[in-house]
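Only this structure's heavy atoms are used, side chains among them; waters, hydrogens and symmetry mates stay out.
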Number of protein chains: 2
Amino acid sequence: MSKKTRRTRQVERTPGRPSGDSDIRDRLLEIALREFSTHGFRGVSVTTIAKEAGATPAMIHYYFANKQGLYEAVLQHALGPILSRLEAVRSAPPEGEDLLPRFVRGYMQLLAENPAVPSLIVRDVLSPGGQMRETFLNGFASRGGSGVRDLVKRAQALGRLRDDLDPDLAALSLLSMAVFPFVGRPVAGQVLDYSLAPEHIDVLAEHTLNLFYNGASAS
Amino acid sequence: MSKKTRRTRQVERTPGRPSGDSDIRDRLLEIALREFSTHGFRGVSVTTIAKEAGATPAMIHYYFANKQGLYEAVLQHALGPILSRLEAVRSAPPEGEDLLPRFVRGYMQLLAENPAVPSLIVRDVLSPGGQMRETFLNGFASRGGSGVRDLVKRAQALGRLRDDLDPDLAALSLLSMAVFPFVGRPVAGQVLDYSLAPEHIDVLAEHTLNLFYNGASAS
DNA sequence: ATATTAATTAAATAGTTTATTAATATTGCC
DNA sequence: GGCAATATTAATAAACTATTTAATTAATAT
């Protein structure tokens, strides 16, 4: 009933520099990632983010100049490591090997370890007017998406995959199975029982590869 | 450079009841579906919707009382027919038949014919605070999602599907392949070549079923 | 010690946007 | 001709929101 009901961190700090080291900057980044990923850029106010992080809006301008600056910092903070690790997965030893399994495992592992990122991507890439749409498409999707199609073609050339499959459609299906469990979790997780915890993600990855290669038919 | 640059319909109507029949109500519903599905409820203003539909904000209150009323009307208008048709698909003759193919074909056909619906769902179900989250989960996902799992179990009992597959995971994979091409189109469609036009959707549906049942392995 | 720099809050500002309502005008119908 | 239906224009007003300024305290360097 009192006024201070919705407060998450009720530190009641007074003005002035606090003693000891501060982790407000990091907390702001974490909270902002969470909020932006669920409500989108326009859907969250700096006031909300600050309050949630146990700080004041002025801190956001102190550390990031403005809201846009905060957003860009969040992107870099969240996507940077992922992109470089993804690149490492792709530039693997290419000796006549079907690279799809390696790709799927690495990809799903990455998504599992960074649960807010899929939502952030959905928010900002799937909706027109999303900030990082081009950035994303250039630096990520082109490597992830057409990358998968190239890997499919290659596996076909190696005689590992059926030749009658359309590479685009096969890549689409594989990508769907790898990505949708994450972005669709709020709805799918409600009616289907599966875990996306990083320590269990190999179960899903192996299932996916098994299904993709062998199919579900009996006999 | 002039003020009236972004106008879509430049009818320049004058006040007063226009001659002939009016389709403004329908146009408002269509535009609102499009806008809500791409920007979410909070992301669109009634002014925008009205302008886009060639009308004024006051008309929205005339027909729907307020913004929330418009939203609910949109939901009913867009989802109602889908839900009933989906129910019809599910209550099909159950004579010892594997119903999965029928389900997948009907499901993808429905999504293809109503392109705004997947986005609307993504917007309002995937993000916390989405209006129709519970409504949707109760009336739709429970039938669609766990429905698929039940169909998988049944197909296993009939000896059509491998017994070693986890029904939840198999259902998840199938659902992923059926849904993701639609919701992920803005990103996937950029790098992979596939059509979601209703008249081509059977290509994708047959591919999906083929892959699901037979797998992608050569030999 | 003292001055300067860093980190923080409180409070004000100012700007935009937004949903909604009131008043008014034109057409259709009995 | 008059009431009901369908529009527009314009006003309201309320809520928010991003950002800035000033004040306050702690840390650090001199």
Side-chain angles (χ1 to χ4, degrees), chain A residues 3-4 6-32 35-36 38-74 129 131, chain B residues 3-4 6-32 35-36 38-74 129 131:
Chain A
K3 261 184 182 176
K4 44 178 93 169
R6 78 188 69 177
R7 205 76 69 75
T8 301
R9 310 207 171 208
Q10 228 146 334
V11 219
E12 287 307 346
R13 219 191 312 257
T14 55
R17 179 173 184 166
S19 56
D21 279 352
S22 162
D23 59 340
I24 279 204
R25 206 192 113 104
D26 286 337
R27 286 216 312 275
L28 283 174
L29 281 175
E30 274 173 38
I31 299 290
E35 293 295 309
F36 283 148
T38 51
H39 298 104
F41 183 76
R42 288 194 59 198
V44 204
S45 68
V46 289
T47 311
T48 303
I49 295 175
K51 196 174 288 177
E52 210 89 2
T56 61
M59 290 313 289
I60 287 175
H61 294 83
Y62 178 71
Y63 281 120
F64 309 102
N66 51 30
K67 191 184 179 183
Q68 179 80 21
L70 169 63
Y71 188 77
E72 284 164 13
V74 166
Q131 322 278 333
Chain B
K3 262 185 182 176
K4 43 177 93 172
R6 78 189 67 177
R7 204 75 69 76
T8 301
R9 310 202 170 212
Q10 226 143 339
V11 218
E12 286 307 346
R13 220 191 309 260
T14 55
R17 179 175 183 166
S19 56
D21 280 350
S22 162
D23 60 339
I24 279 203
R25 206 193 112 102
D26 285 338
R27 286 216 312 274
L28 283 175
L29 281 175
E30 276 174 37
I31 299 290
E35 293 295 311
F36 282 148
T38 51
H39 297 103
F41 183 76
R42 288 195 60 198
V44 205
S45 68
V46 290
T47 311
T48 304
I49 295 175
K51 197 175 285 176
E52 211 89 1
T56 61
M59 290 313 290
I60 288 176
H61 294 84
Y62 178 70
Y63 281 119
F64 309 101
N66 51 32
K67 191 185 179 183
Q68 179 80 20
L70 170 63
Y71 187 77
E72 284 164 12
V74 166
Q131 323 276 334

Please give, in whole Å, the distance from [N] [atom2] to [X] [atom1]?
{"X": "B:Q68", "N": "C:dT20", "atom1": "CD", "atom2": "P", "value": "9 Å"}
{"X": "A:H61", "N": "C:dA7", "atom1": "NE2", "atom2": "P", "value": "17 Å"}
{"X": "B:N66", "N": "D:dA15", "atom1": "CG", "atom2": "P", "value": "16 Å"}
{"X": "B:R27", "N": "D:dA7", "atom1": "CZ", "atom2": "P", "value": "9 Å"}
{"X": "B:I24", "N": "C:dT26", "atom1": "CD1", "atom2": "C1'", "value": "14 Å"}
{"X": "B:M59", "N": "C:dA25", "atom1": "CE", "atom2": "P", "value": "18 Å"}
{"X": "B:H39", "N": "C:dT18", "atom1": "NE2", "atom2": "C1'", "value": "17 Å"}
{"X": "B:R25", "N": "D:dA7", "atom1": "CZ", "atom2": "C1'", "value": "16 Å"}

CA sep, side-chain torsions, deciding dist, call: A:Y63, A:L70, side-chain contact (heavy atoms from CB on, under 4.5 Å) = CA-CA 8 Å; A:Y63 281 120; A:L70 169 63; over 6 Å; no
From [options], pick the nucleotide closest to the side chain of [X]?
{"X": "A:R17", "options": "C:dT5, D:dA18, C:dT18", "value": "C:dT5"}
{"X": "B:Y63", "options": "C:dT9, C:dA19, D:dT6", "value": "D:dT6"}
{"X": "A:S45", "options": "C:dT18, C:dT20, D:dA18", "value": "D:dA18"}
{"X": "A:A58", "options": "D:dT20, D:dA7, D:dT17", "value": "D:dT20"}

query = Is it true that a side-chain atom of B:D23 and a backbone atom of B:D26 form a donor plus acceptor pair closer than 3.5 Å?
reply =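 The answer is no, because no donor-acceptor pair under 3.5 Å joins these two groups.
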query = Any side-chain heavy atom of B:Y62 sitting closer than 4.5 Å to one from B:T56?
reply =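 Heavy-atom side-chain distance check fails, nothing below 4.5 Å.
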Side-chain heavy atoms of A:M59 within contact of A:L28, under 4.5 Å =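 Yes, at least one pair of side-chain atoms sits under 4.5 Å.
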request  = Using Watson-Crick or G-U wobble geometry with both distances below 3.5 Å, tell me the partner of D:dA29, or none.
outcome  =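 D:dA29 is paired, partner C:dT2.
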ask   = Is there a Watson-Crick or G-U wobble partner for C:dT16 with both distances under 3.5 Å, and if so, which one is it?
value =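 Because both required distances fall under 3.5 Å, C:dT16 counts as paired with D:dA15.
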task = Take A:F64 and A:R25 through the side-chain contact (heavy atoms from CB on, under 4.5 Å) test and state the conclusion after the steps.
result = CA-CA 9 Å; A:F64 309 102; A:R25 206 192 113 104; 3.6 Å; yes
inquiry  = Under 4.0 Å, counting only non-hydrogen atoms across every strand here, what does A:F64 touch: a base, just sugar-phosphate, or nothing?
reply    =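 No contact.
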message = If the cut-off is 4.0 Å, is B:T56 near the phosphate of D:dT9, judged by side-chain N/O to OP1 or OP2?
response =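 No, outside the criterion.
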message = Is the phosphate of C:dT20 approached by B:Y62 (side-chain N or O, under 4.0 Å from OP1 or OP2)?
response =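 No, because none of the side-chain N or O atoms of B:Y62 sits under 4.0 Å from OP1 or OP2 of C:dT20.
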